[in-house]
Amino acid sequence: MIRFTTAGESHGRALLAILEGVPAGLPLAAEDVGRDLARRMRGYGRGARMQIEADQAQLLSGVRAGETIGSPIALLIENRDWANWEDVMAPGAREDAPRRRLTRPRPGHADLAGALKYDRADARDVLERASARETAARVAAGAVCRRLLAVFGVEIGSHVVELGGVVARRAPLPSPLNDAADGSPVRCLVAQAEPAMIARIDAARDAGDTVGGVAEIVARGVVVGLGSHVAWDRRLDGRLAGALMSIPAVKGVEIGLGFGAAALPGSEAHDAIERAAQEGGHTTGGFSRRTNRAGGLEGGMTTGEPLILRAAMKPIATLMRPLDSVDLDTGRPAKAQSERSDVTAVPAMGVIAEAMTAIVLAGAYVEKFGGDAVAEMRRNFDGYLAQLRARQALWEPLG
Ligand code: EPS
């Protein structure tokens with residue numbers, strides 16, 4: 001089992017991730033993590049905070065001489081902005097400390113429900129943790145999982161398919177996906193859509209508004225048979241959907257055709273099965289599909305076809321022309337509070353969704369192939385591939 005937890009406030013000293021269950025013997029360096037952290041910080045529409053930070057991970061435990069040793073991996077990312085917030089966020093009690101209180105909750109943010117639930121008079125105690133800054137720690141944990149998945153030939157990428165209402169036309173996906181997507185300021189593969197998306201972000205910024213969008217996550221090289229149909233909580237589609245839905249501001253998740261499948265007849269919603277070409281199909285049991293409407297998941301299990309997931313992000317809740325709210329101190333109507341923020345973070349959300357996908361998939365690999373050591377997992381994986389091949393050996397050769 002792979003488990004992880006994070007800690008840290010947006011303007012606190014640092015973020016921390018603890019990842020447990022990664023097998024021993026995986027080569028790992030801080031740069032493996034740093035690459036994804038840097039990718040998460042980019043994207044047109046980010047605010048001034050991203051000019052302050054330069055996220056890097058320190059490996060505090062679980063790695064020795066460049067290899068994991070099977071113990072929990074603790075990753076630390078310092079907040080550079082801490083230097084500007086130390087007085088406000090310091091854990092020690094000080095009467096005269098500046099508070100930078102937030103008392104006019106932002107509709108769409110965790111401010112109000114969090115302040116009520118945790119009995120806080122200052123919603124800063126809520127927003128500091130609800131802030132999507134926390135996702136840097138997830139991306140660090142995800143980068144380690146991505147490294148493990150690479151041993152088994154899995155590649156995870158993402159791209160933005162919709163931003164601010166601009167929908168990118170479907171196009172064939174390049175491989176590796178991220179090499180192409182990361183070259184775009186909005187991580188969009190369709191050159192014609194990019195300027196329109198940028199224009200929507202600019203217009204929203206000028207209007208004191210924000211925009212949302214949709215990122216598509218693609219995992220290639222995933223072996224058939226991860227997850228299980230036998231119990232609700234072992235279905236991989238459920239785990240993936242939960243993981244993506246847990247990303248701040250994500251309000252919708254689709255797999256394959258997703259909501260579109262509901263309107264189609266069965267004959268147009270499924271993926272006909274055929275034999276894979278002779279040279280391919282070692283991770284799909286010798287089968288292939290003419291289409292991939294299922295998004296690589298049937299019965300809660302991987303089919304061996306690429307996983308296709310989409311996550312829809314609502315517009316960021318911090319508005320420079322705020323919506324109506326109520327002041328927690330006075331109970332009187334007031335405009336919601338504005339804070340420095342981003343106009344959009346959809347490009348970053350795709351990178352975060354990759355990380356969450358990697359964490360769930362790495363967990364599924366460890367579950368299926370056992371995993372105290374990478375070499376042990378590898379043996380079990382090879383044994384499974386041999387099992388898949390043995391079945392094919394009974395078949396007539398393809399003519
Ligand atoms: C965020 C507000 C902004 C974002 C932040 C998420 O931060 P600040 O309040 O410091 O300007 O930049 O995202 C990050 C810091 C990050 O690393 O992604 C919010 O309120 O959710």
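Every heavy atom of this structure was used, including side-chain atoms; hydrogens, water molecules and symmetry mates were not. Positions are given from 1, in the same order as the sequence printed here. Just follow the structure's listing: the first ligand is 1, and inside any ligand the first atom is 1.
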SB check [X] [Y] (cutoff 4.0 Å):
| X | Y | value |
| --- | --- | --- |
| R379 | D382 | no |
| R40 | D36 | no |
| D237 | R235 | yes |

- prompt: F381 vs F152 aromatic rings, parallel, tilted or perpendicular, using cut-offs 30° and 60°?
  reply: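 F381 and F152: perpendicular rings.
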- prompt: Between W85 and H11, how do the two ring planes meet: parallel, tilted or perpendicular, split at 30° and 60°?
  reply: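 Plane angle under 30°, so parallel.
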query: Who's closest to atom 17 (O) of ligand 1 heavy-atom-wise, of R40, M41, E53?
result: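 Answer by nearest heavy atom: R40.
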field: Options M349, H11, H109, ranked by nearest heavy atom to atom 20 (O) of ligand 1, top entry
entry: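 Among M349, H11, H109, the closest heavy atom to atom 20 (O) of ligand 1 comes from H109.
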message: Distance check, rounded to the nearest 0.5 Å: E128 atom CD versus R133 atom CZ?
response: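 Between atom CD of E128 and atom CZ of R133 there are 11.0 Å.
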Name the closest protein heavy atom to [atom], giving the residue it belongs to and the distance to 0.1 Å.
| atom | value |
| --- | --- |
| atom 21 (O) of ligand 1 | A132 N, 3.0 Å |
| atom 12 (O) of ligand 1 | D342 OD1, 3.3 Å |
| atom 15 (C) of ligand 1 | R133 CD, 3.2 Å |
| atom 1 (C) of ligand 1 | S131 OG, 3.6 Å |
| atom 14 (C) of ligand 1 | M50 CE, 3.6 Å |
| atom 11 (O) of ligand 1 | R340 NE, 2.6 Å |

query: Does any N or O atom in S10 lie less than 3.5 angstrom from one in ligand 1, N or O only?
result: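 No; every N/O pair is 3.5 Å or more apart.
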query: Does any N/O atom on R106 come nearer than 3.5 Å to any N/O atom on ligand 1?
result: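 In this structure, R106 places no N or O atom under 3.5 Å from an N or O of ligand 1.
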query: Short list, please: which atoms of ligand 1 are under 4.0 Å from a heavy atom of R46?
result: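 Heavy-atom distances to R46 below 4.0 Å select 13 (O), 16 (C), 18 (O).
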query: In the hydrophobic clustering that connects Ile, Leu, Val, Met, Phe, Trp and Tyr at side-chain heavy-atom distances below 4.5 Å, which members other than L16 occupy its cluster, ordered by chain and number?
result: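 L60, L76, all in the cluster of L16.
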message: Cation-pi check for F287 against R391: NZ or CZ below 6.0 Å from the six-membered ring centre and within 45 degrees of the axis, yes or no?
response: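 Here R391 fails the 6.0 Å and 45° test against F287.
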